[in-house]
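Here the structure comes first, spelled out in structure tokens, and everything after it is commentary.
Sequential numbering from 1 along the given sequence is applied to the chain's residues. Keep in mind the model is a prediction, meaning the values are calculated, not measured.
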Amino acid sequence: MTLEGTLDVTVTDGVPTFELTVENTGSDDVTLQFRNGCKADFAVEDDGAERWRLTNTRMFTQVLSQADLDAGEATTFEATGDQLEPGQYTAVGELNAANHDCTARAEFTV
């Protein structure tokens with residue numbers, strides 16, 4: 001089982017929007033298990049220091065759920081951040097599944 005992630009960031013008026021795409025590049029189907037309504041977490045780093053994190057600024061439902069990801073299939077998780085000062089940043093997107101890991105990074109400018 002192999003999950004690979006890609007992270008896209010778009011910025012509108014200083015506010016970043018994150019899209020983490022998780023692809024099952026393996027030959028077996030995968031069931032992702034989630035402990036709450038946050039399926040993916042996103043963070044913004046500035047010179048290695050964390051400036052913002054989705055799970056520190058939002059509340060999520062406390063519900064167990066799961067999602068199937070067939071071999072070769074991909075799914076995308078989206079979130080909008082808070083307004084940032086102009087500068088160069090690194091975004092980190094992390095799958096928030098209890099049973100599988102997948103992380104992607106992307107540089108972006110505000």
Side-chain angles (χ1 to χ4, degrees):
M1 186 287 310
T2 303
L3 296 179
E4 292 186 16
T6 56
L7 181 60
D8 292 315
V9 182
T10 56
V11 179
T12 304
D13 296 326
V15 177
T17 299
F18 310 99
E19 290 186 355
L20 174 65
T21 300
V22 177
E23 181 180 2
N24 179 358
T25 59
S27 57
D28 296 325
D29 297 347
V30 172
T31 298
L32 303 173
Q33 298 173 350
F34 300 101
R35 294 184 188 134
N36 58 45
C38 180
K39 307 285 192 274
D41 197 4
F42 299 93
V44 174
E45 297 176 350
D46 182 9
D47 289 328
E50 189 170 289
R51 297 263 319 243
W52 176 88
R53 180 171 286 276
L54 179 69
T55 53
N56 291 342
T57 61
R58 309 289 195 280
M59 294 175 51
F60 299 92
T61 58
Q62 298 299 306
V63 61
L64 299 175
S65 64
Q66 65 183 34
D68 294 325
L69 198 58
D70 295 338
E73 186 179 21
T75 188
T76 300
F77 304 97
E78 299 179 17
T80 300
D82 294 340
Q83 188 161 14
L84 297 168
E85 296 294 321
Q88 184 72 23
Y89 299 97
T90 301
V92 181
E94 302 168 321
L95 180 66
N96 204 22
N99 60 335
H100 294 287
D101 295 320
C102 183
T103 301
R105 301 173 81 80
E107 303 295 322
F108 71 100
T109 302
V110 174

Roughly how far, to the nearest 0.5 Å, is [atom2] of [Y] from [atom1] of [X]?
{"X": "Glu78", "Y": "Phe18", "atom1": "CD", "atom2": "CZ", "result": "12.0 Å"}
{"X": "Thr31", "Y": "His100", "atom1": "OG1", "atom2": "NE2", "result": "7.0 Å"}
{"X": "Glu94", "Y": "Phe77", "atom1": "CD", "atom2": "CZ", "result": "13.0 Å"}
{"X": "Phe60", "Y": "Leu54", "atom1": "CZ", "atom2": "CG", "result": "4.0 Å"}
{"X": "Leu7", "Y": "Leu20", "atom1": "CG", "atom2": "CG", "result": "6.0 Å"}
{"X": "Glu23", "Y": "Thr75", "atom1": "CD", "atom2": "OG1", "result": "11.5 Å"}

Tell me the closest heavy-atom pair linking [X] and [Y], and the distance in Å.
{"X": "Phe34", "Y": "Ala67", "value": "CE1-CB, 4.1 Å"}
{"X": "Lys39", "Y": "Leu95", "value": "O-CD1, 3.7 Å"}
{"X": "Val9", "Y": "Ala91", "value": "CG2-CB, 3.6 Å"}
{"X": "Arg51", "Y": "Asp46", "value": "NH1-OD2, 3.1 Å"}
{"X": "Ala71", "Y": "Gly26", "value": "CB-O, 3.3 Å"}

Any non-hydrogen side-chain atom of [X] less than 4.5 Å from a side-chain atom of [Y]?
{"X": "Glu50", "Y": "Asn56", "value": "yes"}
{"X": "Leu69", "Y": "Leu3", "value": "yes"}
{"X": "Asp68", "Y": "Asp29", "value": "no"}
{"X": "Pro16", "Y": "Leu84", "value": "yes"}
{"X": "Asn36", "Y": "Thr61", "value": "no"}

Exercise for review: Step by step, work out the side-chain contact (heavy atoms from CB on, under 4.5 Å) result for Val15 and Thr80.
Suggested key: CA-CA 7 Å; Val15 177; Thr80 300; 3.5 Å; yes
Point to revise | Neighbour count >12 (heavy atoms, 6.0 Å) for atom CD, Gln88 | key: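 Yes - once you tally the heavy atoms of other residues, nucleotides and ligands closer than 6.0 Å, there are more than 12.
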Point to revise | Val92 with Tyr89, same ILVMFWY side-chain cluster at under 4.5 Å | key: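 Not linked; separate clusters.
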Determine whether a donor-acceptor pair (N or O, by modelled atom type, separation under 3.5 Å) exists between the side chain of [X] and the backbone of [Y].
{"X": "Thr2", "Y": "Thr25", "result": "no"}
{"X": "Asn96", "Y": "Cys38", "result": "yes"}
{"X": "Asn99", "Y": "Gln33", "result": "yes"}

Review point. When you look at Phe108 and Asp8, which way does the side-chain contact (heavy atoms from CB on, under 4.5 Å) test go after all the steps?
Key: CA-CA 9 Å; Phe108 71 100; Asp8 292 315; over 6 Å; no
Review point. Salt bridge check: are Asp41 and Arg58 linked by an N-O gap of less than 4.0 Å?
Key: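 Arg58 and Asp41: not salt-bridged.
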Exercise for review: Give the intermediate values and the outcome of side-chain contact (heavy atoms from CB on, under 4.5 Å) for residues Val30 and Asp28.
Suggested key: CA-CA 6 Å; Val30 172; Asp28 296 325; 5.8 Å; no
